[in-house]
> 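I am attaching a structure below and will ask some questions about it afterwards.
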Amino acid sequence: MLRYVIIPQGTSHIKIRKNDDIIAIYSRKSKFTGKGESIGNQVELCKEYVRVHYGDTAVDKAAVYEDEGFSGGNLNRPDFKIMMDAAKK
């Protein structure tokens with residue numbers, strides 16, 4: 001089960017407490033433009049945040065969910081749905 005969901009929002013992060021098992025990292029970008037923060041970079045920033053605040057073991061156990069090419073205007077995103085289903089278990 002998920003402990004926290006860390007969602008990149010520019011340079012800040014939102015933490016949502018879930019339970020005590022693992023941390024999920026969710027990254028989304030509407031489309032590949034070559035500008036701004038790539039999904040890979042967003043994930044690495046989140047992993048560093050987890051490492052600093054929770055340690056290397058938490059990073060190793062973190063579940064990463066990525067949706068590239070999907071609008072943030074709705075919740076109809078494949079990995080977002082998978083992550084939310086995992087959080088409910």
Side-chain angles (χ1 to χ4, degrees):
M1 295 224 169
L2 302 178
R3 181 174 185 186
Y4 291 98
V5 177
I6 300 176
I7 304 171
Q9 298 290 322
T11 57
S12 62
H13 300 86
I14 298 170
K15 294 188 293 182
I16 304 169
R17 178 142 179 116
K18 284 299 187 191
N19 58 44
D20 294 329
D21 293 330
I22 64 171
I23 294 173
I25 297 171
Y26 178 74
S27 180
R28 182 204 59 80
K29 188 169 181 181
S30 296
K31 60 183 179 177
F32 180 76
T33 61
K35 296 194 251 181
E37 297 294 336
S38 69
I39 282 186
N41 193 40
Q42 291 176 37
V43 170
E44 288 308 312
L45 289 169
C46 288
K47 285 182 177 181
E48 184 57 28
Y49 179 92
V50 172
R51 184 175 289 105
V52 166
H53 291 88
Y54 302 101
D56 289 330
T57 301
V59 174
D60 293 340
K61 290 174 57 177
V64 177
Y65 302 90
E66 304 172 350
D67 283 318
E68 185 159 4
F70 290 89
S71 169
N74 65 59
L75 301 178
N76 191 22
R77 293 171 257 146
D79 266 17
F80 182 80
K81 289 179 178 181
I82 293 168
M83 178 186 68
M84 296 308 289
D85 286 343
K88 292 174 187 175
K89 294 178 182 177

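Values below: all heavy atoms of this structure, side chains included; hydrogens, waters and symmetry mates excluded. Quick caveat: nothing in here was measured; it's all calculated off a predicted structure.
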> Less than 4.5 Å apart, side chain to side chain, heavy atoms only: is that true for Lys81 and Met84?
no
> What residues, two or more places apart in sequence or in another chain, satisfy side-chain hydrogen bond (donor to acceptor under 3.5 Å, both in side chains) together with Asp79?
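For Asp79, no residue satisfies side-chain hydrogen bond (donor to acceptor under 3.5 Å, both in side chains) once neighbours in sequence are set aside.
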> Do Tyr54 and Lys61 have side chains that get closer than 4.5 Å, going by heavy atoms?
no
> Compare every heavy atom of Gly72 with every heavy atom of Arg77, then report the nearest pair and how far apart it is.
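For Arg77 versus Gly72, the nearest heavy atoms are NH2-O, 4.0 Å.
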> Are Glu66 and Ile25 close enough that some pair of their side-chain heavy atoms sits under 4.5 Å apart?
no
> Following the transitive rule for hydrophobic clusters with a side-chain heavy-atom cut-off under 4.5 Å over Ile, Leu, Val, Met, Phe, Trp and Tyr, establish whether Ile39 and Phe70 coincide in one cluster.
no
> Do the side chains of Val52 and Leu45 join up, straight or via other hydrophobic residues, at under 4.5 Å, putting them in one cluster?
no
> Are any non-hydrogen side-chain atoms of Tyr26 and Asp67 less than 4.5 angstrom apart?
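They are in contact (side-chain heavy atoms under 4.5 Å apart), so the answer is yes.
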> What is the minimum heavy-atom distance between Val64 and Lys47, and which atoms define it?
CG2-CE, 4.1 Å
